[in-house]
Amino acid sequence: MRRFGRQCRGQGKILVTVVRQTEQQLLQLGSPIAALAQAAQPGLQRVTHLAEPQRDRLAKQLQAAMEAHHAISTQSRRLTQGKRLHHCKIVHAYDGTIAPILKGKSNCPAQFGRKPGLLSEPTTGFIFALRVPPGNPSDPSYVLPMLDKAQGAINRVSRPRRLAIHSVAGDLGVNDAALREALHARGILTVGIPQTVAPIPPSPTQEEVCESLTAAGLHRKRTPHQVHLAFACGYSRPVVESHIASLLARGAGHIRYKGLQGAGVQIGMTVIAHNGAAMVRIRQLQLSKRAQKFRRLLGLRHRKINQINTSKN
Amino acid sequence: MRLFRSLQHWLTGHGMRLQVADFVPKTPPLRQWAETFPWTALVAAIDRSFAPRFPKDSTRGRPRVSPRVLLALELLKHEVGASDEAICHRLRTDFAVMYACGIEAVQVDGSQEHLVLPETLAQFRQRLDEALIDERLAIQAAAAMEEGLVSPAHLLVDPFPSEQGSQRVTDATTLYKAQKKSATSSRPSRRPAPRKRLR
């Protein structure tokens with residue numbers, strides 16, 4: 001999807017005339033919005049019988065209506081025959097937060113939409129945090145906000161056991177020097193984020209462990225055992241694909257609710273439903289050998305709830 | 001029919017009350033799935049979020065549908081892959097769905113108390129926001145960590161693409177296709193007129 005109006009791979013036909021007709025209609029329809037919204041804003045401030053949160057919500061909706069019209073009129077001036085548009089172009093008149101998500105493939109089924117990010121446990125697929133940002137931001141920008149959310153969940157745990165995030169793994173898209181530094185500053189290992197296309201070794205040597213601890217500056221904070229585990233759960237495409245496939249099976253691949261808020265609600269609900277199913281699997285011990293081994297190493301409880309503890313005689 | 005639908009919350013059945021849990025065995029996946037959620041904390045989070053944003057001005061009107069039921073329906077919708085109408089319909093007849101929604105007992109004869117309209121579910125969904133979704137996810141994760149089922153020690157991050165609604169490329173393409181269609185339909189038909197029958 002390189003240019004505005006292109007429909008399929010091959011001929012890059014740009015329907016500038018048709019775009020102009022559409023935009024004229026949209027701009028005509030939205031031209032009174034600016035005047036009406038400006039008149040409505042002082043009226044909204046004067047209303048006293050509305051609660052403060054309600055007034056804020058209405059003010060936000062008013063602001064969104066004004067911004068939508070402004071964005072369409074700005075983009076309509078930039079469109080010229082045969083020229084590419086800037087990165088943050090509008091692809092949907094009602095929703096400015098949708099972006100092209102598959103670059104260079106205009107004949108693929110998913111061209112415009114959103115890119116939700118997941119922060120999940122590699123063994124069981126339990127998702128700790130979710131982010132549905134507007135547009136199509138870079139992959140490293142997802143990591144820190146989602147870690148903050150996961151930390152918020154950890155802070156809710158009331159039991160005395162100390163829980164902390166030891167390592168984060170990702171694909172080559174997450175490889176960013178600034179992000180690595182920020183993670184090291186939080187005491188989080190980044191050995192699971194590859195720096196090259198070469199695969200991460202599942203069992204590192206003693207030198208590699210020392211080297212990664214020195215590079216991260218976490219000699220006192222993280223133990224070699226934790227580094228070994230971080231290498232073991234280093235980014236594995238089949239693992240993360242299975243988590244995503246589970247969400248896609250629950251309808252997360254196609255967002256049916258309106259707007260950014262709707263997308264957040266749909267994906268959020270899907271993730272919570274998926275987590276429920278993951279917890280059922282954990283309780284019934286329907287886990288892969290790798291997951292079981294990893295859970296033993298992490299010291300997670302092993303409950304045989306379906307086994308009858310009676311005498312075998 | 002419309003009046004009936006709007007009055008359905010007052011229509012109560014009579015006769016013996018059936019205990020829903022008696023009709024749902026312990027093994028079905030839907031019951032096990034429903035038992036994993038910390039419902040009390042999740043419903044409390046919803047009440048905390050809704051109370052300041054949507055204050056109730058009057059005490060009149062029909063009693064509200066419990067947020068526990070609406071939340072469970074919304075989650076079930078994604079778990080079983082059903083539409084709003086389908087999941088609300090299943091709530092009338094399916095005891096496993098009733099159990100997942102926290103309905104403890106129903107009347108034998110034509111009870112309509114527990115019914116939920118798809119429109120009510122859509123209104124509930126409109127009130128949810130990002131902060132509330134994050135809070136509920138955090139509550140669920142905290143409950144799982146407290147139970148010792150999961151550990152946040154080693155995590156994996158990955159975004160995935162998700163297409164939005166109609167994949168018509170642009171509004172311009174929509175207009176172009178509509179114009180083309182209307183132009184095609186307005187052309188005179190090329191089919192020859194049927195022959196007159198000879199007598």
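Protein chains get the first letters and strands the later ones, always in sequence-line order, with residue 1 at the start of each.
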Side chains of A:Ser158 and B:Glu146: is there a donor and an acceptor less than 3.5 Å apart?
-> yes
Hey, mind stepping through A:Met269 and B:Leu128 against side-chain contact (heavy atoms from CB on, under 4.5 Å) and telling me if it holds?
-> CA-CA 10 Å; A:Met269 287 293 182; B:Leu128 302 176; 3.4 Å; yes
Do side-chain atoms of A:Gln261 reach the backbone of B:Gln126 as a donor and acceptor pair under 3.5 angstrom?
-> yes
Test log, rule salt bridge (Lys or Arg N to Asp or Glu O under 4.0 Å), inputs A:Arg283 and B:Glu147 = CA-CA 11 Å; A:Arg283 283 179 179 175; B:Glu147 213 178 322; 2.7 Å; yes
Taking A:Arg156 for the side chain and B:Gln140 for the main chain, is one N or O donor matched with an acceptor at less than 3.5 Å?
-> no
NE2 of A:His228: more than 12 outside heavy atoms within 6.0 angstrom?
-> yes
Who pairs with A:Phe126 by ring pair (Phe, Tyr, Trp, His ring centres under 6.0 Å), at least two apart in sequence or on another chain?
-> A:Phe128
Compare all side-chain heavy atoms of B:Leu137 with those of A:Lys149 and state whether any distance is below 4.5 angstrom.
-> no
For B:Val157 and A:Val174, run side-chain contact (heavy atoms from CB on, under 4.5 Å): C-alpha distance rounded to whole Å, both residues' side-chain angles, the deciding distance at 0.1 Å, then the answer.
-> CA-CA 8 Å; B:Val157 60; A:Val174 191; 4.3 Å; yes
So which part of A:Leu247 gets closer than 4.5 Å to some heavy atom of chain B, the side chain, the backbone, both or neither?
-> side chain
Counting heavy-atom pairs under 4.5 angstrom with chain B, the leader among A:Ala129, A:Gly234, A:Gly276, A:Pro122 is A:Gly276
Side chain, backbone, both or neither of A:Ser120 within contact of chain B (heavy atoms, under 4.5 Å) = both
From CA spacing to verdict: side-chain hydrogen bond (donor to acceptor under 3.5 Å, both in side chains), B:Gln32, A:Gln284 | CA-CA 10 Å; B:Gln32 291 176 347; A:Gln284 295 183 342; 2.4 Å; yes
A:Ala273 and B:Phe37 have their tightest heavy-atom pair at CA-CZ, 4.4 Å
Where on B:Leu71 is there a heavy atom nearer than 4.5 Å to chain A: the side chain, the backbone, both, or neither?
-> side chain
Which atoms of A:Ala230 come close to chain B, meaning under 4.5 Å heavy atom to heavy atom: side chain ones, backbone ones, both, or neither?
-> both
Most heavy-atom pairs under 4.5 angstrom with chain A, which of B:Ala153, B:Ala142, B:Ala138?
-> B:Ala153
